[in-house]
Amino acid sequence: SALFILNYNPLQLFDPSFQLSFLSIWGLIYITPRINSWFIKGSTRKNSVIGNLKFYFLMSLSASIAAILGVLPVVIYYFGIVSYFAVVINLIVIPLVFFIMSSGAAFIFFSFINSIFAVIFAELTGIFINALMWSVDIFSKIPQGYFFIERPPFFLIAAYYLLLFF
């Protein structure tokens with residue numbers, strides 16, 4: 001999709017939202033397996049609820065860390081801010097976004113088939129969106145929940161990504 005977008009508008013390469021979107025996906029695809037190898041050594045899914053919860057928690061934690069590592073220099077470059085709680089926030093926000101997308105897709109599907117189910121999924125989507133907005137609002141109000149950092153020079157950003165890549 002990046003090639004399609006850049007073919008249509010090459011200047012998107014310099015857009016922060018384009019960079020953040022694809023760097024987070026890169027982090028999830030490339031960095032998550034590396035982090036999983038550290039976190040989930042010998043910890044495979046077990047046939048117990050606790051074992052499965054631990055496994056999925058560690059998988060979510062690795063994905064959250066990987067996405068943050070993928071975008072961190074770009075976030076610092078454009079916004080000059082780093083959150084202390086980003087990993088924890090992602091553990092709450094990412095599942096909510098999944099539920100919003102799933103219930104929203106179900107709403108669209110059922111809107112063509114059954115209006116009662118469509119209304120149910122529309123309401124459910126609204127509940128998940130409200131939960132997301134509430135949680136973002138709560139985390140944004142944590143005193144000293146972030147710190148400011150100076151814009152790094154380009155060579156440090158390039159070195160960071162080279163280290164992550166190799």
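None of the values given here were measured: they were computed from a predicted structure.
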Where is the tightest heavy-atom contact between [X] and [Y], given as atom of each residue plus distance?
X: Thr32; Y: Ala63; value: OG1-CA, 3.7 Å
X: Ile31; Y: Gly70; value: CD1-N, 4.2 Å
X: Leu61; Y: Leu91; value: N-CD2, 3.7 Å
X: Ile35; Y: Leu69; value: CD1-CD1, 4.1 Å
X: Val74; Y: Gln19; value: CG1-OE1, 3.7 Å
X: Ala67; Y: Leu28; value: CB-CD2, 4.1 Å

Enter the distance from [X]:[atom1] to [Y]:[atom2] here, rounded to the nearest 0.5 Å.
X: Ile142; Y: Ser83; atom1: CD1; atom2: OG; answer: 7.5 Å
X: Phe148; Y: Ile81; atom1: CZ; atom2: CD1; answer: 4.5 Å
X: Ile120; Y: Asn114; atom1: CD1; atom2: CG; answer: 8.0 Å
X: Arg151; Y: Ile157; atom1: CZ; atom2: CD1; answer: 8.5 Å
X: Ile89; Y: Ile92; atom1: CD1; atom2: CD1; answer: 7.5 Å
X: Ile127; Y: Leu132; atom1: CD1; atom2: CG; answer: 14.0 Å

I'd like to know if the side chain of [X] and the backbone of [Y] have a donor-acceptor N/O pair within less than 3.5 Å.
X: Gln12; Y: Phe18; value: no
X: Ser111; Y: Ile108; value: yes
X: Arg34; Y: Ala66; value: no
X: Ser64; Y: Ser60; value: no

Side chains of [X] and [Y], heavy atoms from C-beta outward: is any pair under 4.5 Å?
X: Ser140; Y: Asp137; value: yes
X: Phe166; Y: Tyr161; value: no
X: Leu164; Y: Tyr160; value: yes

Group every Ile, Leu, Val, Met, Phe, Trp and Tyr by side-chain heavy-atom contacts under 4.5 Å, then state whether [X] and [Y] land in the same group.
X: Leu72; Y: Ile29; answer: no
X: Val136; Y: Ile129; answer: yes
X: Val71; Y: Tyr30; answer: yes
X: Tyr78; Y: Tyr146; answer: yes
X: Leu23; Y: Leu162; answer: yes

Original post:
Taking the inter-plane angle between the rings of Phe110 and Phe117 on a 0 to 90° scale, is it parallel (under 30°), tilted (30 to 60°) or perpendicular (over 60°)?
Top reply: tilted

Original post:
Stepwise, does the ring-ring contact (aromatic ring centres under 6.0 Å, His included) test hold for Phe121 with Phe107?
Top reply: CA-CA 5 Å; Phe121 282 108; Phe107 161 67; 8.8 Å; no

**OP:** Evaluate side chain to side chain contact (heavy atoms under 4.5 Å, CB included) for Phe128 paired with Phe98, printing each intermediate quantity in order.
**Re:** CA-CA 9 Å; Phe128 290 136; Phe98 169 77; over 6 Å; no

Would you say [X] has more than 12 foreign heavy atoms packed within less than 6.0 Å of its [atom1]?
X: Ile113; atom1: CD1; value: yes
X: Phe22; atom1: CZ; value: yes
X: Phe112; atom1: CZ; value: no

**OP:** Run the numbers on Tyr77 and Phe79 for ring-ring contact (aromatic ring centres under 6.0 Å, His included), then give the verdict.
**Re:** CA-CA 6 Å; Tyr77 182 82; Phe79 306 109; 9.9 Å; no

**OP:** Report yes or no: do Gln144 and Tyr84 form a side-chain donor-acceptor pair below 3.5 Å?
**Re:**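 The answer is no; no qualifying pair exists.
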
**OP:** Report the C-alpha distance between Phe85 and Phe139 in whole Å, list the side-chain angles of each, state the deciding distance to 0.1 Å, and finish with yes or no for ring-ring contact (aromatic ring centres under 6.0 Å, His included).
**Re:** CA-CA 8 Å; Phe85 305 107; Phe139 282 115; 7.2 Å; no

Subject >> Intermediate values then yes/no, side chain to side chain contact (heavy atoms under 4.5 Å, CB included), Val75 and Val82 >> reply: CA-CA 8 Å; Val75 168; Val82 176; 5.8 Å; no

